[in-house]
There are 2 protein chains.
Amino acid sequence: MKDHQELLNLPHKTIERLSQYRRALLLCLEDGRTHIFSHEIAKIQHITPVQVRRDLMLIGYSGTLRKGYNIRELIDLIGEIIDSEEMINVAVVGVGNLGRALIKYFNGKRHKLYIVAGFDINPEKIGKIINGIPCFGTEDMDRVVREKNIKIGILTVPAANAIESSKRLVDAGIKGIVNYTPKPIEVPDNVYLEEYDMVTTLEKVAFYVKMAELKGEKVEGGN
Amino acid sequence: MKDHQELLNLPHKTIERLSQYRRALLLCLEDGRTHIFSHEIAKIQHITPVQVRRDLMLIGYSGTLRKGYNIRELIDLIGEIIDSEEMINVAVVGVGNLGRALIKYFNGKRHKLYIVAGFDINPEKIGKIINGIPCFGTEDMDRVVREKNIKIGILTVPAANAIESSKRLVDAGIKGIVNYTPKPIEVPDNVYLEEYDMVTTLEKVAFYVKMAELKGEKVEGGN
DNA sequence: TTTGCAATGTTATTTACTTAACAAAAATAT
DNA sequence: ATATTTTTGTTAAGTAAATAACATTGCAAA
């Protein structure tokens, strides 16, 4: 298998796509297929076949010339690369609509990733089992994160609580954070941070929709 | 102001960052500030001051040398660029946890974007007002999208319904789709599509967390 | 007044990523 | 047998994005 440094040299975008390839491959496997061509994967992911082949080249996987790639093998190889050996435990901080959506959405889907705890400040939620996972008060974060060996925290609290919650996570020794609040947070270098704001995505789509409409008008006006 | 083609030539990443700059600037404005330096914006967004200045150069905004950028002016200029003249109406398809989270999260935050309708197949939701917006059955999508002049659809249905829902949106004449389901969809060229999968993000974070741990172990082992 | 400083604005360079080009291989058709 | 087709795997070229380098400006302090 590829060594540590080779894996780190993989482009970040390739890592993302590997996750997406696996998602698509798992669906194909469910359909009873055993092999798939690069152009088929490409179609699903809205990218080019070359990109797919290049990514697979980078991870050292070879297909067969007329049958394409063995789906089962490829899924396993992607797992070897992006998954950990042991389970990685995840916590959701903020068990509102978004937090609950994530819990439902993740658990049971992946072998090596599991949401094992939720945190909230709402006394009605604390102590309850919500969507199958126990909910704790944020004041217990330090203890629970250590006890359950939680490595990653997903921030789904209201923006006003983002900073405080992220600090608690960091103090509890978390290693990675996904921040879904619209408030950018700061973390030490040893914590991997990914931020995503749905408003930005929507505004971007709105921008290109607007531009397409203006273009349409202009073209029509030109005729 | 910049013309149509100039706006389209802006890098996609710049468009995203403009949205994020505005988000940050609005918070600064609430704090009563009037001016901000590029390095302050940069710090909030975890990027470099040069990047900020370059983006602002691209949109033709100039700050003052010792005071930095006028927050109010910059917010307005970003609005002129990324917002539409008239309101853009948005629909959420799938009023589950994620859909409701989005509704709460968006509405009232932006002048030019508003979620005006939800669609669901659950009879208990149809006809109700959920988080302030009316919920319709998916069979009414065509009518409602046209009546309410809805331009953008946000897909938050279960993966199994993603394809069907996206087809309905397209048939209803939608111009842009944000797909939050884990099932990639296909749309015609004239529909702008943005897909985001939370599992991919989590797996990516898990990968880099794993790599950091392996690195840590290696370093320790080397000592 | 002039020197230094801290900021902006812009061009040049570098890096990261994608796409294109094409050789090689294996199955199939001629 | 030989040519054709289809697909992979890899190197080369091209794009897009980020960073670096640096000129410029205007205020403040000496």
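Everything numeric here is computed off the predicted structure, so don't read it as measured data.
- Going from atom NE2 of A:H35 over to atom C1' of D:dT6 covers 16 Å, rounded to whole Å.
- Atoms NZ (A:K67) and P (D:dT5) sit 24 Å apart, rounded to a whole Å.
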What protein N or O atoms touch nucleotides 26-28 of chain D N or O atoms at under 3.5 angstrom, if any, and at what distances?
unit_1 : atom_1 : unit_2 : atom_2 : d
D:dG26 : N2     : B:R66  : NH1    : 2.4

Intermediate values then yes/no, side chain to side chain contact (heavy atoms under 4.5 Å, CB included), A:V199 and B:R23: CA-CA 9 Å; A:V199 173; B:R23 180 189 60 182; over 6 Å; no
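- Taking for each of B:S38 and A:D55 the nucleotide of DNA chain C with the nearest heavy atom, the 5'-most of the two is the partner of B:S38.
- The nearest whole Å value for the distance from the CD atom in A:Q51 to the C1' atom in D:dT15 is 13 Å.
- A tilted orientation is assigned to the rings of B:Y69 and B:Y61, their planes being inclined by 30° to 60°.
- Contact annotation for B:T14: no contact, since no heavy-atom pair falls under 4.0 Å across all strands.
- Relative ring orientation between B:Y192 and A:Y208 is described as parallel, the plane-to-plane angle staying below 30° on a 0-90° scale split at 30° and 60°.
- For DNA chain C, the span of nucleotides reached by chain A at under 4.0 Å from its heavy atoms goes, 5' to 3', from C:dC17 to C:dA27.
- Judged by atom type and distance alone, A:R53 does not reach the base of D:dT7 through any side-chain donor-acceptor pair under 3.5 Å.
- None of A:L98, A:I163, A:L169, A:L193 except one satisfies the side chain to side chain contact (heavy atoms under 4.5 Å, CB included) rule with A:L155; the exception is A:L169.
- By the neighbour-count criterion of 12 heavy atoms within 6.0 Å, atom CD of A:E86 is densely surrounded, having more than that number from other residues, nucleotides or ligands.
- A heavy-atom distance below 4.5 Å is not found between the side chains of A:L56 and A:R53.
- Within 6.0 Å of NZ in A:K109 there are more than 12 heavy atoms belonging to other residues, nucleotides or ligands.
- Residue B:N9 qualifies as enclosed at atom CG: its count of foreign heavy atoms under 6.0 Å is above 12.
- The interatomic distance linking A:R54 (CZ) with D:dG9 (P) rounds to 13 Å, in whole Å.
- Atom CG of A:L58 is separated from atom C1' of D:dG9 by 11 Å (rounded to the nearest Å).
- Rounded to whole Å, the distance from NZ on B:K13 to P on D:dT15 is 19 Å.
- Looking at B:R110 and B:V90, their side chains never come closer than 4.5 Å, going by heavy atoms from C-beta outward.
- Atom CZ of A:F37 is separated from atom C1' of D:dT5 by 12 Å (rounded to the nearest Å).
- Put simply, CE on B:M57 is 15 Å from P on D:dT19, counting in whole angstrom units.
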